[in-house]
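All residue numbers in this chain count up from 1 along the given sequence. Bear in mind the structure is a predicted one, so any value in this text is a computation, not a measurement.
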Amino acid sequence: MGQPTPARKGTDWWRSAVIYQVYVRSFADGDGDGTGDLAGVRARLPHLARLGVDALWFSPWYLSPMKDGGYDVADYRTIDPAFGTLAEAEKLIAEARELGIRTIVDIVPNHVSDQHPWFRQALDGGPERELFHFRPGRGEHGELPPNDWQSEFGGPAWSRLGDGDWYLHLFAPEQPDLNWAHPAVRQEHEDVLRFWFERGVAGVRIDSAALLVKDPLLPDFTPGRDPHPYVDRDELHDVYRSWRRVADEYDGVFVGEVWLPDAERFARYLRPDELHTAFNFSFLSCPWDPARLRASIDDTLAEHAPVGAPATWVLCNHDVTRTVTRYGRADTGFDFATKAFGTPTDLALGTRRARAAALLTLALPGSVYIYQGEELGLPEADIPRERIQDPMHARSGGTDPGRDGCRVPLPWTADAPYAGFGSREEPWLPQPEGWAAYAADRQAGDPASMLALYREAIRLRPIFGDGPLTWLPAPEGVLAFTRADGVRCVVNLGEDPVVLPTPAQPLLASGPMDDDGRLPQDTAVWLRS
């Protein structure tokens, strides 16, 4: 469908890029040991080039005990042996670049692994103790934590050592928080940035970007306290200004994981001398509702306008229930509030909506992030309780199923062992029965598949140009907008089919029109008038 379109390359490529998230452990297994690796990614680069993405964002591939899926980093300059070697990472970066695909690496500045040399030396009583938050406990014998902060994974944010002191960890106990008031912590991270920029990466994704700096008094948490004792503190902006100077040396870019409800505070991170972009969680958490989706889009664009930063759009990532499953539930609100064991899902409904959401997202101004497997229409997998590895499950006392359901190894070849993920050992997470039906090789030859839809949508996406979004008159329950003369996106979230504007040529639709040529419910179309 449609005519060939110009490429989106250039110095500001990141402003409108399509970026694909690779969770290495589950992407492709090159050596057959059951764990995804860099060899597997390199072998599948043709798939990513054919998909048409501009960059790959790699979740942490560094040396790690894997207590939190690699987000517990023991050494930022070493690739975990389960994934490969630094030399392989350098080859992957170079080979992807030859295909026109840039690389973005993940940095986790809030904490390190408890196996990191700094923390091991701190436990031995060395001066490295100042690089973390060690405190005596409260109570008559120091038996109570230093304050009442809670871990993001559940339970207290403090663990006690044999010598009686406690250390802070906003996530798992195996992830001690760094003390960002110490200059050595800042210097180390700037050195790490340079290390990876010098190896050819184009950008850095910053994990938990708003949590680094803590109130030095470590006070108890008081709801509504301003400033917050550890979220979005003003001192943090000086850190990112320093980082930006490093990135500018290499023409590198940043995307921050910034969870903030305050639009003005959020925009501060995107000022011209700080981060280039930040993830848009409002859109990700929005239910399949026309009014709320439009409000989310408007609010997002308004938040970014004062600082001139591009918006980012994402439907799923390694922490979120997959789009097909989320949109197929009766309550399609934010995943973290709705996920549960055995939650009923209408996969046909979820798939139809996920296809429409893909066209909606790819038509919006800004950059788009695609989590691996979304282009295959994968649903969330039910992981047997005894196979769950996510620490969120254990720390919730088994009530939270965790995030492993969106991390199941990908199916590549329908008729191969383990659906082509690997050849010898069972994958580290079990693939559900029928997983091969979603295999990339099976979808590649089907023009009606999810993979075919994503490929064509990414190819055609430049037709929307660089113009601002303008909403068009539309029936109730329908979103319609344009960004370029003669091109529009129409999404029907209403209960009834709608008549398309005439004259207009459909360029790409998420599903077939009805017998009368109308746009059915939960269907999107791109039109040229």
Side chains of Asp177 and Asn110, donor plus acceptor under 3.5 Å: yes
Answer yes or no: is there an ion pair linking Glu235 with Arg186, defined by an N-O contact shorter than 4.0 Å? no
salt_bridge(Glu274, Arg268) N-O dist < 4.0 Å: no
What distance do Trp196 atom CH2 and Phe58 atom CZ have between them, rounded to the nearest 0.5 Å? 10.5 Å
Tell me if the centroids of the rings in Phe221 and His228 come within less than 6.0 Å of each other. yes
Are the side chain of His111 and the backbone of Tyr71 linked by a donor-acceptor contact shorter than 3.5 Å? yes
Do Trp428 and Ser26 pass the side chain to side chain donor-acceptor pair (under 3.5 Å) test, and can you show the C-alpha distance, the side-chain angles, and the key distance before you say yes or no? CA-CA 8 Å; Trp428 71 279; Ser26 297; 3.2 Å; yes
Taking the six-membered ring for Trp, are His189 and Trp180 parallel (under 30°), tilted (30 to 60°) or perpendicular (over 60°)? tilted
Given the side-chain rings of Trp158 and His169, with only the six-membered ring counted for Trp, is the space between their centroids under 6.0 Å? no
Criterion side chain to side chain donor-acceptor pair (under 3.5 Å) on Trp13 and Asp54, from CA distance to verdict: CA-CA 8 Å; Trp13 64 272; Asp54 299 300; over 6 Å; no
Flag the pair Phe83 / Trp61 as yes when their ring centroid distance falls below 6.0 Å, and as no otherwise. no
Evaluation steps, ring pair (Phe, Tyr, Trp, His ring centres under 6.0 Å), between Phe279 and Trp57: CA-CA 13 Å; Phe279 283 128; Trp57 155 34; 5.4 Å; yes
Is any side-chain N of the basic residue among Asp273 and Arg244 closer than 4.0 Å to the acidic one's carboxylate O? no
Do the side chains of Arg387 and Asp382 get close enough for a salt bridge, i.e. N-O under 4.0 angstrom? no
Between Glu380 and Arg322, does the salt bridge (Lys or Arg N to Asp or Glu O under 4.0 Å) criterion hold? Intermediate values first, please. CA-CA 5 Å; Glu380 187 82 354; Arg322 285 200 177 271; 5.4 Å; no
Modelled atom types, side-chain donor and acceptor of Asp80 and Ser64, under 3.5 Å: no
Checking side-chain polar atoms at under 3.5 Å, does Ser113 have a donor or acceptor matched by the opposite partner on Gln175? no
Asp234/Arg265 salt bridge by N-O under 4.0 Å criterion: yes
Is any side-chain N of the basic residue among Lys67 and Asp72 closer than 4.0 Å to the acidic one's carboxylate O? no
Taken to the nearest 0.5 Å, the spacing of Leu48 CG from Ile101 CD1 works out to 5.5 Å
Looking only at side chains, do Tyr76 and Glu188 share a donor and an acceptor under 3.5 Å apart? no
Measuring centre to centre across the rings, with the benzene-like ring taken for any Trp, is Phe132 within less than 6.0 Å of Tyr167? no
Regarding Tyr20 and Glu375, do their side chains bring together a donor and an acceptor under 3.5 Å, going by distance alone? yes
Lys/Arg-Asp/Glu bridge criterion (N-O < 4.0 Å) met for Asp163, Arg129: yes
Pair Asp124 + Arg120, salt bridge at N-O below 4.0 Å: no
Take a 6.0 Å sphere around CD of Glu426 and say whether it holds more than 12 heavy atoms from other residues, nucleotides or ligands. yes
With the side chain counted from C-beta on, respond yes when His237 and Arg271 share a heavy-atom pair under 4.5 Å apart, and no when they do not. yes
Before we go on, tell me: are the rings of Trp166 and His133 under 6.0 Å apart, centre to centre? no
Plane angle bin for Phe27 and Trp412 - parallel if under 30°, tilted between 30 and 60°, otherwise perpendicular: perpendicular
Just verifying a value: how many Å separate Leu218 CG and Asp148 CG, rounded to the nearest 0.5 Å? 11.5 Å
Residues Leu170, Phe153; criterion side chain to side chain contact (heavy atoms under 4.5 Å, CB included); working and verdict: CA-CA 8 Å; Leu170 289 180; Phe153 289 166; over 6 Å; no
Is there a donor-acceptor contact under 3.5 Å linking the side chains of Thr312 and Thr277? no
So, Asp106 and Tyr62: side-chain donor and acceptor under 3.5 Å apart, yes or no? no
